[in-house]
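What's counted below: heavy atoms across the whole structure, side chains too, no hydrogens, waters or symmetry copies. A note on names: the letters A, B, ... follow the listed sequences, proteins ahead of strands, and every chain is numbered from 1. Computed from a predicted model, the values in this text were never measured in an experiment.
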Amino acid sequence: MSDTEHPESDNRPSNFIRNIIDVDLKNNKNDGQVVTRFPPEPNGYLHIGHAKSILLNFGIAEDYNGHCNLRFDDTNPHKENIEFVEAIKKDVEWLGCNWGDKVYFSSDYFDPLYDFAVQLIKKEKAYVCDLNAEEMREYRGTLIEAGKDSPFRNRTVTENLDLFARMKVGEFEDGSKVLRAKIDMASANINMRDPTLYRIRHGVIHHQTGAEWCLYPMYDFTHCISDALEGITHSICTLEFEDHRPLYDWFLDTLETESHPQQIEFSRLNLEHTITSKRKLTELVENGHVEGWDDPRMPTIAGLRRRGCTPAALREFIQRIGVTKSDNVIEMAVLEGCIRDDLNKNAPRRMAVLHPLKVIITNYPEDKEELLEAANHPQDESFGMRKLPFSRELYIDQEDFKEVPPKKYKRLIPGGEVRLRNSYVIRCDEVIKDSDGNVTELRCTYDVDTHGKKPEGRKVKGVIHWVSVRHAIEAEIRLYDRLFNHPTPDNSKDGKEYADHINPDSLRTLTHCYLEPTLSEATPGDQFQFEREGYYSLDLLCQAGNKPIYNRTVTLRDTWEKITKR
RNA sequence: UGGGAGAUCGUCCAACGGUAGGACUACGGACUCUGACUCCGUCAAUCCAGGUUCGAAUCCUGGUUUCCCAGCCA
């Protein structure tokens, strides 16, 4: 902690939702309690948009000494499964959120929900309707025309009670009957035009309740009641549910539940060059555009993790983008900046050559080798030192030698000198080429008096990385780029679909890369800065034969590239 | 006049009737055994038109424009 005046209040996010809560607290609403919830449907993996919601809800709970429930909104067993439940728990935990002892499920409330539905029927606020899906759509009207009442709208309480009970025990086929709320078919808000409460689904095995039910409640009915039963005070959701708030309130008012949570809507996260639609992410996986939900190119939390993004970086990102009700598209640079900030501070430095070019140090004895000390972090001594073997034959990167250098180039050129990082200054004496004129090898000499000191009588500006051929570890390195070429592939307004904007070069695999030998000690998930290249993470899952695989998390900022592009 | 919501630098977020501020990006410079990091600096915005007010991003009126809604999905 520094000596700032208010060390506590510095880092607290402030946004309109927290402002609302502050006012509620001042008025002693909810007895001063703050209880939130994160309610994912287990029908896919969580993505970066969910991270916003998770960190918002859990963050508020933490800062206000409240609690945030993890609740699976599992009312549609057809699409949901236990794999997704487990994946979601893993991701929320990885983000550093603590849901306490109990994981909640909407399906925990199937019994009370059924009783509430009965209550609604008794209040003449719900009825069993025999219209099929198509008929119901016709009766619903349009955005600008009122709907009309279902012919089944005026069934008696007794008849509705009987029918609903028989729906429950399985007397009717899928789709033949639904339970609907009786509200107003002429409402300007389509959600209020007698929304469906329950549908019949035979033969699906629910991951929590098995085959116990053939009747499943709908979102609008389930969500508000689940919130109320859990004593949620602030039910925070995304903007598309704004239209549903009157319905949320209608259920809780009509049923006179003990508590009446307040629904508050915020705008969802949109990130440039990616998509955050669960449906479309599912398609990317199922159509083989990516290798799975945790493909490092995916904006899923699992993908980000495998790519090497850290929870701290993601948290910082979510904090930086803020929370409002306005539509937004966040530049990828914001996320990358957060990742770089975190990894710059926390990733030890290593050397790795991605595009090897052999260098022979002709004045270095063949059988000699040295161990050169190198700092693991240039700004943080606590990272300690490591020893790098140096020998006669080295690899440097092809990019670090140019026979015909562009302006301002300060790496190796024929007859020129360059510093080998953590090592000596070498001079390029001879360029060896193959029959096609490609440079295949460099013959250099080293200045023995330049290790740990500046060369005498001249300045050497360039510093390049290297590895010793004899000691190097061969590795596969995967370079990831944006998954989509268009900044808003979802909504490109050029008549094309998101899939048309997939970047064919989103993955480049380099199979003959060479790493410094200390990397043999790395374990999956470890993150490093490969100096002058970027941040890389040892893959969590794969190995290419006996070669390790490193995923590029993000490049270093590259002003040289900017200069050369001009 | 179907309903609901939004509009502030290129991007994201502040300013809650009193000097339009921060972050990211971009650009320029310093430093450097990472063309990184760090540091310093520069550019850059209130959707429009009226009105109220000593004073308006903020309040009022009228426009413009963007997003969401017609699942037995959530």
**Request:** Go through the structure and list residues passing side chain to side chain donor-acceptor pair (under 3.5 Å) with A/Glu242, not counting sequence neighbours.
**Result:** A/Lys325

**Item:** N/O (side chain, A/Arg532) to phosphate O (OP1/OP2, B/G35) under 4.0 Å
**Value:** yes

**Fill in**
Given protein heavy atoms under 4.0 Å, the one-letter contact record of nucleotides 11-17 of chain B, with B base, S sugar-phosphate only and - none, is simply SSSS-B-

**Asked** Between which residue ranges does RNA chain B form stems of three or more consecutive Watson-Crick or G-U wobble pairs, both distances under 3.5 Å?
**Response** B:2-7 with B:64-69, B:10-13 with B:21-24, B:26-30 with B:38-42, B:47-51 with B:59-63

**Prompt:** Relative to the 5' end of RNA chain B, which residue comes earlier, A/Glu145 or A/Lys453, by the nucleotide with the nearest heavy atom?
**Reply:** A/Glu145

Scan nucleotides 26-32 of chain B against the protein and return all N/O pairs shorter than 3.5 Å with their distances rounded to 0.1 Å.
unit_1 : atom_1 : unit_2   : atom_2 : d
B/A26  : OP1    : A/Lys562 : NZ     : 2.7

**P atoms of B/G21 and B/G28, separation to the nearest Å** = 25 Å

**Pairing of A/Asp341 and A/Lys345 as salt bridge, 4.0 angstrom limit** = no

**For A/Tyr45, all residues meeting ring pair (Phe, Tyr, Trp, His ring centres under 6.0 Å), sequence neighbours excluded** = A/Phe84, A/Trp293

**Prompt:** Which part of the nucleic acid, if any, lies within reach of A/Tyr409 when heavy atoms closer than 4.0 Å are counted: base, sugar-phosphate only, or nothing?
**Reply:** base

**Request:** Report the residues that fulfil ring pair (Phe, Tyr, Trp, His ring centres under 6.0 Å) with A/His244, sequence neighbours left out, ordered by chain and then residue number.
**Result:** A/Phe241

**Request:** List in chain and number order the residues that pass salt bridge (charged side-chain N to carboxylate O under 4.0 Å, His left out) with A/Lys407, two or more places apart in sequence or in another chain; answer none if no residue qualifies.
**Result:** none

**Request:** Would you confirm whether the ring centroid of A/Phe221 sits within less than 6.0 angstrom of the ring centroid of A/Phe251?
**Result:** yes

**Qualifying residues under side chain to side chain donor-acceptor pair (under 3.5 Å), relative to A/Asp194, sequence neighbours excluded** = A/Tyr127, A/Arg153

**Message:** Once you apply a heavy-atom cut-off of 4.0 Å, does A/Gly534 come out as touching a base, just sugar-phosphate, or nothing?
**Reply:** nothing

**Partner residues of A/His377 under the ring pair (Phe, Tyr, Trp, His ring centres under 6.0 Å) criterion, sequence neighbours left out** = A/Phe383

**Message:** Using only atom types and a distance under 3.5 Å, with no angle test, would you say the side chain of A/Asp174 pairs donor to acceptor with the backbone of A/His202?
**Reply:** yes

**Message:** Could you tell me how far B/G10 sits from B/U52 if I compare only their C1' atoms? Round to whole Å.
**Reply:** 35 Å

**Message:** Applying a 4.0 Å non-hydrogen cut-off, can you work out what A/Arg349 is touching in the nucleic acid: base, sugar-phosphate, or nothing?
**Reply:** base

**Request:** Sequence neighbours left out, what passes side chain to side chain contact (heavy atoms under 4.5 Å, CB included) with A/Ile563? Give chain and number order.
**Result:** A/Trp560

**Message:** Can you list everything that forms a ring pair (Phe, Tyr, Trp, His ring centres under 6.0 Å) with A/Phe164? Sequence neighbours excluded, please.
**Reply:** A/Tyr114, A/Tyr198

**Message:** Would you measure the distance from the C1' atom in B/U64 across to the matching atom in B/C27 and give it in whole Å?
**Reply:** 34 Å

**Asked** Within the modelled atom types, does a donor on one side and an acceptor on the other bring the side chain of A/Gln379 and the base of B/C37 under 3.5 Å apart?
**Response** yes

**Prompt:** With the sugar-phosphate defined as primed atoms, P, OP1 and OP2, and the base as all remaining atoms, what B/S/- string results for nucleotides 69-74 of chain B, 5' to 3', for protein heavy atoms under 4.0 Å?
**Reply:** BBSBSB

